[in-house]
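In what follows, a single structure is set out as structure tokens and then discussed.
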Amino acid sequence: MSANEHPSEHAARRWFAKSLSDLGHAEQRILDRLVQRKLSAEDVNEVFSSDLTYGQRLADKVSRFGGSWTFIIIFAIVLALWTGLNSYLLHRPFDPYPYIFLNLLLSMLAAIQAPVIMMSQNRQAVKDRLDAANDYKVNLRAEIEIMGLHDKLDQMRNDQLERMLAKQQEQIDLLLKLVGKGEG
């Protein structure tokens, strides 16, 4: 590393064989956090839920309730009561068979419920993308750390081999001296 080179620039050249400016925003951020010895992972749930508006939170609650067994059971009971009242119990039913008013109400419910569920699904897709980006950052950092460990192990092995070779050379020199004294 040259004296005026920033540590993140050095890391970019070392791990990616590119300059820091050639890397994407996520990679630059990971290298900066790596150099500063800071965590790369984020709590995606906290980041995601902190930006939700009231309408988005309401849509999530409606979607959660609309996709529950509680809703299905309540809905089945309401439909059974509606048809029972209008078919058997009332002498003058307010919605006689074929239940046209009930069909209107169900159509209106579906017209409202479908976009609400889609809004909730769109936000879940955004959250999934945030999760994937966070996973990428964590995996990238782990890869860089593992490569760094490999480099350290290789350096330790090379240092050990150099010391062994130097020691072996000392022993050879000593043996040559002993052999030279024995001949002389």
Hey, does the side chain of [X] reach the backbone of [Y] with a donor-acceptor pair shorter than 3.5 angstrom?
X	Y	value
D95	N86	no
S87	G84	no
D22	K18	no

Straight-line distance of [X] [atom1] to [Y] [atom2], nearest 0.5 Å:
X	Y	atom1	atom2	answer
K167	M164	NZ	CE	12.0 Å
D131	Q124	CG	CD	8.0 Å
K181	L176	NZ	CG	12.5 Å
Q169	L174	CD	CG	10.5 Å
Y136	I30	OH	CD1	8.5 Å
L23	H25	CG	NE2	12.0 Å

Handout entry: Any donor-acceptor N or O pair under 3.5 Å, side chains Q28, D32
Key =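 Distance-only check fails for Q28 and D32.
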Exercise for the section: Verify whether one side chain among E143 and N139 offers a donor that lies under 3.5 Å from an acceptor in the other. Expected result: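 Result is no, nothing qualifies.
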Handout entry: Over all atoms of both residues, closest heavy-atom pair of P98 and N103
Key =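 Reported closest heavy-atom pair: O-ND2, 3.5 Å.
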Handout entry: Smallest separation among heavy atoms of L52 and R123, with atom names
Key =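 Answer, listing the atom of L52 first, then R123: CD2-CD, 3.4 Å.
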Handout entry: Enclosure of M118 CE (heavy-atom neighbours >12, cutoff 6.0 Å)
Key =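 No.
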Exercise for the section: Give me the ring orientation class for Y97 and Y99: parallel if the planes are under 30° apart, tilted from 30 to 60°, perpendicular past 60°. Expected result: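 Rings of Y97 and Y99: perpendicular, as their planes differ by over 60°.
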Can you tell if the side chain of [X] reaches within under 4.5 Å of the side chain of [Y], non-hydrogen atoms only?
X	Y	answer
D159	M156	no
R14	D151	yes
L79	L106	yes
M119	Q56	no
L109	F75	yes
L165	Q168	yes
F16	L140	yes

Practice task
Write out all pairs satisfying side-chain hydrogen bond (donor to acceptor under 3.5 Å, both in side chains) with one or both partners inside residues 108-121, taking only residues at least two apart or from two chains.
Solution key: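 Applying side-chain hydrogen bond (donor to acceptor under 3.5 Å, both in side chains) to every pair that reaches into residues 108-121, excluding sequence neighbours, yields D60-S120.
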Practice task
Not counting sequence neighbours, which residues clear salt bridge (Lys or Arg N to Asp or Glu O under 4.0 Å) with E145? List them please.
Solution key: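 Applying salt bridge (Lys or Arg N to Asp or Glu O under 4.0 Å) to E145 gives R37, R141.
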